[in-house]
Amino acid sequence: MFVRIWPLFVKELLANWRDKANRYVLLFAPIIQLLIFSFAATQEVKNVPLAVLDEDRTVLTRELISRFEGSPQFSQVIRLNGVTEIASVIDARIAPAVLHIGSDFSRRLSAGQPAQIQLLLDGRRSNAAQIIHGYASEIVDRLNGELVQLGRLKGPPSVVVARTWFNPNSDTLWSTVPGLFAVLITVVGMMVSGLSVARERELGSFQQLLVSPLTSTEILIGKALSALAIAMTQGIIVMLIAMYGLGIPMEGSMMLLVAAMIVFLMSVIGIGLFISSLSDTQQQAIIGVFMFLAPAILLSGYATPVANMPDWLQTVTLANPIRHFVVISKGVFLKDLPIDVIASHLWPLALIAGVTLSAAAWLFRHKIA
Amino acid sequence: MSASAAVSGDRRRRVAALIRKETSQIVRDPSSLIIAVILPLTLLFLFGYGVSFDARRIEIGLVIEDPTPETGSFTSSLTSSSLFSTRTARDRRSFENDLVAGHIDGIVVLAAGFSAQAERGDRAPIQVIVDGSDPNKATLVRNYLQGIWANWLEQEAVTRGEHLSVPISVEQRVWFNPEVSSHHYLVPGSIAIILMLIGSLLTALVVAREWERGTMEALLATPVGIGELMAGKLIPYFILGMLTMALATGTALFLFGVPFRGSFAILTLMSAVFLTTALGQGLLISTVTRNQLVAAQATLISAFLPSFFLSGFVFEIAGMPLPLQIVSYAVPARYFVAVLQTLFLAGDVWSVIWPNLAGMSLIAAVYLGLTALTTKTRLD
Amino acid sequence: MSETLVRLEGVSKRFGSAPLAVAEVTTTIVGGGITALAGPDGAGKTTLLRLMLGLLKSDAGKLTVCDLDPISHAHRLREVVAYMPQRFGLYEDLTVFENLRLYADLRGVAEQQRAETFERLLTLTGLAAFQSRLAGALSGGMKQKLGLACALVRAPRLLLLDEPSVGVDPISRRDLWRLIRVLAGEGIGIVWSTAYLDEAERCERVLLMNDGKLMYEGVPSELTKRMAGRTFHVRNAGEQRRAVLAVAAKRTGVIDAVIQGSNVRIVMAEGAATPSPEEFSKDSGVDIVAVSPRFEDAFINLLGSKSPAVSRLARASDNFRTTEPVIVAKDLTRRYGSFTAADRISFSIGKGEIFGLLGPNGAGKSTTFKMLCGLLRPTSGEARVAGLDVVAQTSAARNRLGYMAQKFSLYGDLSARQNLDFFAGVYGLTGAQRHDAVKRVTEAFGLGRYLDTNAGTIPAGYKQRLALACAIMHEPPVLFLDEPTSGVDPLTRREFWAHINALVAGGVTVMVTTHFLDEAEYCDRIALVYRGRVIATGSPDDLKSSVRTQALPDPTLEDAFIALVEADDRTVAA
């Protein structure tokens with residue numbers, strides 16, 4: 001049996017390699033996508049303008065404002081002259097936040113009373129708004145600490161000391177790249193396997209295969225293994241670029257990640273071959289691949305956390321292979337995820353692979369007959 | 001009847017005939033309806049339910065090394081919050097493993113001697129450890145905990161009959177979206193992405209189909225002009241796209257409960273311009289590729305991905321490197337996302353509408369112009 | 001009398017860096033008759049038509065159509081010239097009537113003329129009863145007629161037809177021919193592009209093209225006449241006809257030899273002596289009779305090839321010995337829901353036989369073919385190949401059959417060598433065995449120079465050889481050919497059949513489906529499939545003589561085909 005699968009395996013690799021356009025897509029698309037999307041997929045809020053309405057105009061408010069000005073998160077400070085200007089600045093999206101300091105600010109502080117400043121935020125981007133609020137609170141907290149030390153005021157009895165594990169500088173790249181890695185190898189695996197049968201059907205060579213002594217299982221294995229080889233090569237290149245080009249740490253075992261990748265890719269390729277054997281044309285296959293990829297990527301926890309979804313949808317995501325691999329990938333890259341946790345995400349992948357590959361094999365046989 | 005009137009009458013009749021043909025095809029070919037109805041609804045559900053920045057439940061491991069009345073009151077203010085789901089332990093080690101495994105989102109540690117230190121006014125540390133593998137969530141968790149802490153301080157102060165001892169506090173007011181629901185801006189934003197995909201995919205596929213099936217050659221052999229061909233494609237898919245838009249808007253308002261504070265007339269106008277850019281892009285793709293498979297791939301790469309990543313719908317344009325920020329100006333969805341978020345949440349803000357309308361119109365003009373230039377009534 | 005509609009002066013067209021698709025063509029086309037634009041695939045026929053219509057711009061030369069420049073006056077030109085592209089240009093999801101109305105609108109047919117025009121066209125094409133049927137649901141022949149009607153909604157001065165008869169069965173082809181005759185009688189100038197030389201022969205004028213060049217222009221019979229006295233039948237060759245063919249192919253002075261039933265038709269070079277029967281066979285029954293020349297003879301002569309193809313395919317060791325039938329269909333039935341595509345089809349094919357499966361489109365011949373080579377599971381009945389049950393012993397049965405599809409279906413991105421290696425490997429040949437097999441077919445088919453070229457880019461004739469090479473590398477005792485030579489030029493076709501004959505001489509059994517009745521002449525026996533049943537079996541000569549009447553003393557295989565199908569229609573109706 002292996003005697004017949006090997007030529008098929010070689011043929012698949014050659015077919016992918018010798019098609020010029022396909023070769024370039026396979027070689028460069030994931031790398032370019034890695035570079036573009038890892039920088040584009042940022043939820044980091046920085047370089048945003050901040051509008052300030054200072055009705056107090058004292059040394060203390062100037063100090064406060066200069067702290068905002070000096071913060072790397074804010075690109076510039078727009079000074080407003082009256083309450084009426086607040087609405088227009090926010091409405092027109094000139095600045096996502098307006099800091100409003102009332103006229104009694106310094107007076108209250110000098111009297112030893114707590115003072116409040118108001119931060120007006122544009123809720124059209126509520127996530128950014130909350131992050132800006134976080135930045136502002138940090139700046140104000142630092143000033144509070146200094147004020148207390150200067151003895152101007154009595155401080156709070158306790159303070160929050162926050163530490164960020166696994167990513168001490170809260171570098172977004174560290175979180176997006178391992179997620180993107182999962183998404184990119186999914187796309188490669190899906191494209192190679194999803195189009196393979198449909199392409200041969202359309203070109204007519206599939207019939208030539210079907211009248212050969214190859215059984216449908218052998219064809220399936222040959223196609224799955226070649227897709228696996230291509231996607232694994234891609235995956236390892238992307239992984240190395242992530243580590244050495246983008247400086248993402250590899251806290252866990254690289255070999256473990258590679259091993260998990262094989263199981264994951266088999267589940268993806270199973271789905272790809274299933275779609276491919278359902279489709280008569282490449283056109284249908286690509287629509288099928290898109291109809292799988294779009295939901296699978298959105299519901300993978302790559303863009304936003306799975307925990308934020310409704311409970312029923314979280315249950316649905318258990319059948320999504322990307323969701324499991326995003327956890328493994330982030331975990332191995334950043335956290336040295338323990339093996340038992342990895343195992344708890346690997347068996348669903350193995351199950352998906354088993355089900356989809358057998359379904360594809362079944363479909364292979366039945367579409368032929 | 002003058003000669004020129006006869007010519008324009010012929011032209012009108014030809015365009016009408018092409019539109020009628022296209023309409024019958026749309027009605028009979030399930031794939032157009034799948035793209036125009038099923039695909040947008042599926043995507044809208046996915047974006048509506050699947051994409052959210054709003055933490056529904058934050059799992060916290062609370063470590064109290066030395067229980068005292070103070071730590072007790074802090075614990076109760078943490079557990080009383082519906083957002084947090086708190087487990088308590090004396091030792092931090094078990095929680096550390098949970099944080100690694102991703103079972104909890106953060107650890108709060110009140111170390112031994114916390115109360116004593118606080119008693120002395122010695123800025124007793126409340127240690128918060130968050131999971132940086134998702135920095136966005138880590139920031140939110142930290143902010144929420146900070147909020148809980150501030151509330152707790154205030155309560156403590158009140159029970160002791162004292163003033164709150166934080167010198168400066170920041171009071172947050174979120175305009176347009178007081179519930180601070182990310183759905184309220186993600187759902188309108190996703191409409192832009194969906195409309196872009198649908199509009200460009202529809203036209204890209206149908207024109208490429210005419211080339212593939214050889215009907216384009218037959219059409220070109222008749223006296224039909226370029227403008228007529230383009231109009232014959234654009235008008236029916238424009239109407240279909242606007243229906244898709246209405247469907248998506250209805251779903252956003254009634255199913256996802258997103259408010260709408262602008263006027264529908266302006267929404268219609270802006271959608272019309274945006275849809276024209278999408279259809280124009282699709283038309284351009286198909287004229288260049290003439291092949292449905294390549295057209296579908298080109299649409300996903302040049303219309304869907306940039307709209308998703310570079311429109312400011314989920315990701316922050318201001319946080320991107322400068323070259324990407326510059327590229328984002330060529331992405332029509334960037335303008336429409338801004339307009340939709342404003343129309344749904346803020347209202348008819350002209351200072352937002354005008355510049356974005358100008359941006360979209362410019363892109364639409366470029367696409368249609370390029371299409372007119374590349375479409376020939378010839379095959380070579 | 002007839003006006004000149006098209007003038008070409010040194011017109012050339014090149015695509016990219018390929019050789020000229022149309023090379024300095026100078027000619028005129030006049031109205032009031034049918035002008036055939038004949039030549040094999042890739043000769044430049046379609047390009048020339050598109051140039052005339054202004055769909056392509058010529059690189060050099062002068063071209064006017066109806067006194068208009070096709071590029072600068074494209075709009076006016078398209079009002080007076082009608083065109084039917086290769087795939088008819090129909091919208092499959094519109095009805096017959098909607099298609100007609102669309103083209104009437106696009107061509108500006110006045111409202112008051114429509115009812116009359118539509119009625120005339122629908123009656124003429126016999127589509128009146130199908131007005132509300134979707135074009136996609138029409139048969140190939142009906143589509144073609146509708147395509148023609150759409151092109152004719154506004155009476156043109158010139159009608160250009162691009163291979164209207166490709167993929168259409170003989171009956172529809174005959175109908176179309178009648179229809180075009182009617183139009184020509186109305187004074188419309190017609191250009192009919194075709195790869196079938198027998199069609200070209202029936203036109204008033206012919207433009208014969210090859211490799212972009214105009215080889216001949218004028219009345220077909222003029223060219224045919226040049227062959228007078230040079231064409232013969234080697235009669236009663238019967239069982240030996242393939243041996244006779246092989247001898248004829250090698251004999252100097254013979255420029256063409258093909259099998260026609262039990263006869264071998266030979267064409268002699270100019271000035272060559274009339275051959276004697278003894279040169280071909282020792283059998284005393286064999287006789288040589290002069291026959292009238294055909295247009296195809298003239299074409300072969302024009303191409304100037306020295307001698308017809310001789311297969312270098314070494315006689316494979318006949319390792320499959322049997323006296324049993326090699327291919328057996330027993331009550332083969334395939335149903336799709338309530339529709340029966342193949343209904344209790346039975347026949348058996350002996351070793352070393354060439355068996356042809358013929359029939360109109362959708363009659364069930366490809367269903368039968370697919371069931372026999374294991375591509376389709378029969379609903380009931382039995383299919384045996386080389387003694388093995390195709391369904392139960394799939395893999396083993398497939399090891400014993402070679403298959404060549406109608407469309408080029410190898411891997412275009414792989415080199416010829418990689419294709420050969422792949423198929424050798426799939427059929428279980430490894431190491432030295434594989435090496436030898438590849439070497440053997442490379443030499444036999446002369447593939448050497450293209451071994452490292454992508455299969456998709458090698459010349460059509462070599463693609464054909466490569467496909468056959470891949471199919472027979474494992475020396476199968478049975479060969480399945482699905483319309484193997486549709487669209488290839490006559491020379492390639494002859495070469496292909498020379499190889500097949502060599503294989504058959506070595507004991508290989510061949511099953512072939514075809515639309516091309518000249519090809520069917522090579523078969524030992526033919527089964528005519530219609531409405532899912534075999535309505536006639538027999539040798540080509542048997543079928544011909546079964547329809548011989550006084551009115552039709554010397555029927556062709558095409559006549560037999562049509563007559564048998566029509567007879568079956570009458571029985572069903574009765």
Side-chain angles (χ1 to χ4, degrees), chain A residues 39-48 91-93 114-121 123-127 129 131 133-134 136-137 140 144 147 153-167 170 172 175 282-283 286 295 298-299 303-305 308-310 313 330 334-335 341, chain B residues 46 49-56 100-101 118 121 123-130 132-139 142-143 146 149 153 164-177 180 182 185 292-293 296 309-310 314-316 318-321 324 341 345-346 349 351-352:
Chain A
F39 287 104
T42 178
Q43 279 137 19
E44 208 175 344
V45 181
K46 58 183 183 192
N47 297 323
V48 290
D91 282 355
R93 309 188 83 148
Q116 237 182 15
I117 54 177
Q118 224 176 32
L119 189 65
L120 306 164
L121 297 158
R124 277 169 292 183
R125 303 197 59 82
S126 61
N127 189 56
I131 289 170
H133 177 232
S137 307
V140 170
N144 277 340
L147 289 175
L153 275 166
K154 188 168 157 264
S158 75
V159 288
V160 172
V161 179
R163 289 225 322 262
T164 309
W165 276 17
F166 316 125
N167 183 3
S170 293
T172 355
S175 76
Q282 296 190 72
Q283 159 83 10
I286 196 133
L298 284 176
L299 301 181
T304 57
N308 294 0
M309 297 169 197
L313 199 57
K330 276 193 178 184
L334 302 177
K335 297 176 168 180
V341 182
Chain B
L46 283 171
Y49 287 118
V51 180
S52 166
F53 287 113
D54 310 328
R56 297 171 60 241
V100 172
R123 295 171 61 77
I126 295 178
Q127 204 181 30
V128 169
I129 302 167
V130 287
S133 64
D134 184 348
N136 189 59
K137 189 164 189 187
T139 308
R142 205 172 54 219
N143 287 353
Q146 216 128 24
W149 166 76
L153 277 187
L164 178 65
S165 43
V166 180
I168 308 171
S169 59
V170 180
E171 184 208 8
Q172 151 183 264
R173 292 238 309 262
V174 180
W175 282 17
F176 312 130
N177 187 0
V180 201
S182 64
Y185 74 91
Q292 289 194 77
L293 177 69
F309 280 100
L310 300 177
V314 212
F315 302 115
E316 293 296 328
M320 295 173 197
L324 286 180
Q341 287 173 350
L345 299 177
V349 181
S351 51
V352 172

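Chain letters run A, B, ... following the sequence lines, proteins first, then strands; residues in each count from 1.
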Item to complete: Evaluate the criterion side-chain hydrogen bond (donor to acceptor under 3.5 Å, both in side chains) for residue pair B/Asp54 and B/Ser182; output intermediate values, then yes/no.
Response: CA-CA 6 Å; B/Asp54 310 328; B/Ser182 64; 3.0 Å; yes
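- A distance of 11.5 Å separates OG1 of A/Thr164 from CG of B/Asp134, quoted to the nearest 0.5 Å.
- A/Val140 touches chain B through its side chain: at least one heavy atom from C-beta onward sits under 4.5 Å away, while N, CA, C and O do not.
- Note: A/Val159 leads A/Thr304, A/Leu121, A/Val159 in heavy-atom pairs under 4.5 Å with chain B.
- The contact between A/Val341 and chain B is made entirely by side chain atoms (from C-beta outward), counting heavy-atom distances below 4.5 Å.
- Looking at every heavy atom in both residues, A/Lys46 comes nearest to B/Gly319 through CE-O, 3.3 Å.
- In this structure, chain B has a heavy atom under 4.5 Å from the side chain of A/Ile286, while its backbone stays farther away.
- Distance check, rounded to the nearest 0.5 Å: CZ of B/Phe315 to CZ of A/Phe39 gives 14.5 Å.
- By number of non-hydrogen pairs under 4.5 angstrom with chain A, the leading residue of B/Val100, B/Leu310, B/Val314 is B/Val100.
- Within the 4.5 angstrom heavy-atom criterion, only side-chain atoms of B/Leu324, from C-beta onward, approach chain A.
- Both the backbone and the side chain of B/Ala101 come within less than 4.5 Å of a heavy atom of chain A.
- Contact of A/Leu299 with chain B is made through the side chain alone, with heavy-atom distances under 4.5 Å.
- Counting only distance, with no hydrogens or angles, the side chain of A/Asn308 and the backbone of B/Ser52 share a donor-acceptor pair below 3.5 Å.
- In terms of heavy-atom pairs under 4.5 Å with chain B, the best-connected choice from A/Asp91, A/Leu119, A/Asn47, A/Asn127 is A/Asn127.
- At distances below 3.5 Å, not a single donor-acceptor pair connects side-chain atoms of B/Arg142 with backbone N or O atoms of A/Ala162.
- Proximity to chain A (any heavy atom under 4.5 Å) is shown, for B/Val180, by both the backbone and the side chain.
- With chain A as partner, the option from B/Leu345, B/Leu46, B/Thr139 having the largest number of non-hydrogen pairs under 4.5 angstrom is B/Leu46.
- Both the backbone and the side chain of B/Trp175 come within contact range of chain A, with heavy atoms under 4.5 Å apart.
- Each of A/Arg163, A/Glu44, A/Lys330 has some count of heavy-atom pairs under 4.5 Å with chain B, and the biggest count is that of A/Arg163.
- Contacts between A/Leu120 and chain B at a heavy-atom distance below 4.5 Å involve backbone atoms as well as side-chain atoms.
- The closest side-chain donor-acceptor pair between A/Thr42 and B/Glu316, if any, does not fall under 3.5 angstrom.
- Side chain of A/Ser175 to backbone of A/Thr172: a donor-acceptor contact under 3.5 angstrom is found.
- A/Gly123 approaches B/Val174 most closely through the heavy-atom pair CA-CG1, 3.5 Å.
- Of all the listed residues (B/Gln146, B/Lys137, B/Arg173), the one sharing the greatest number of non-hydrogen pairs under 4.5 Å with chain A is B/Arg173.
- Of all heavy-atom pairs spanning A/Arg124 and B/Ala346, the tightest one is NH1-CB, 4.0 Å.
- Between chain B and the residues A/Asn167, A/Leu313, A/Leu334, A/Val160, the most heavy-atom pairs under 4.5 angstrom are made by A/Val160.
- Of the N and O atoms on the side chains of B/Glu171 and A/Gln118, at least one donor lies less than 3.5 Å from an acceptor on the other residue.
- Both the backbone and the side chain of A/Lys335 come within contact range of chain B, judged by heavy atoms closer than 4.5 Å.
- The most heavy-atom pairs under 4.5 Å with chain B, out of A/Gly134, A/Ala40, A/Ser170, come from A/Ala40.
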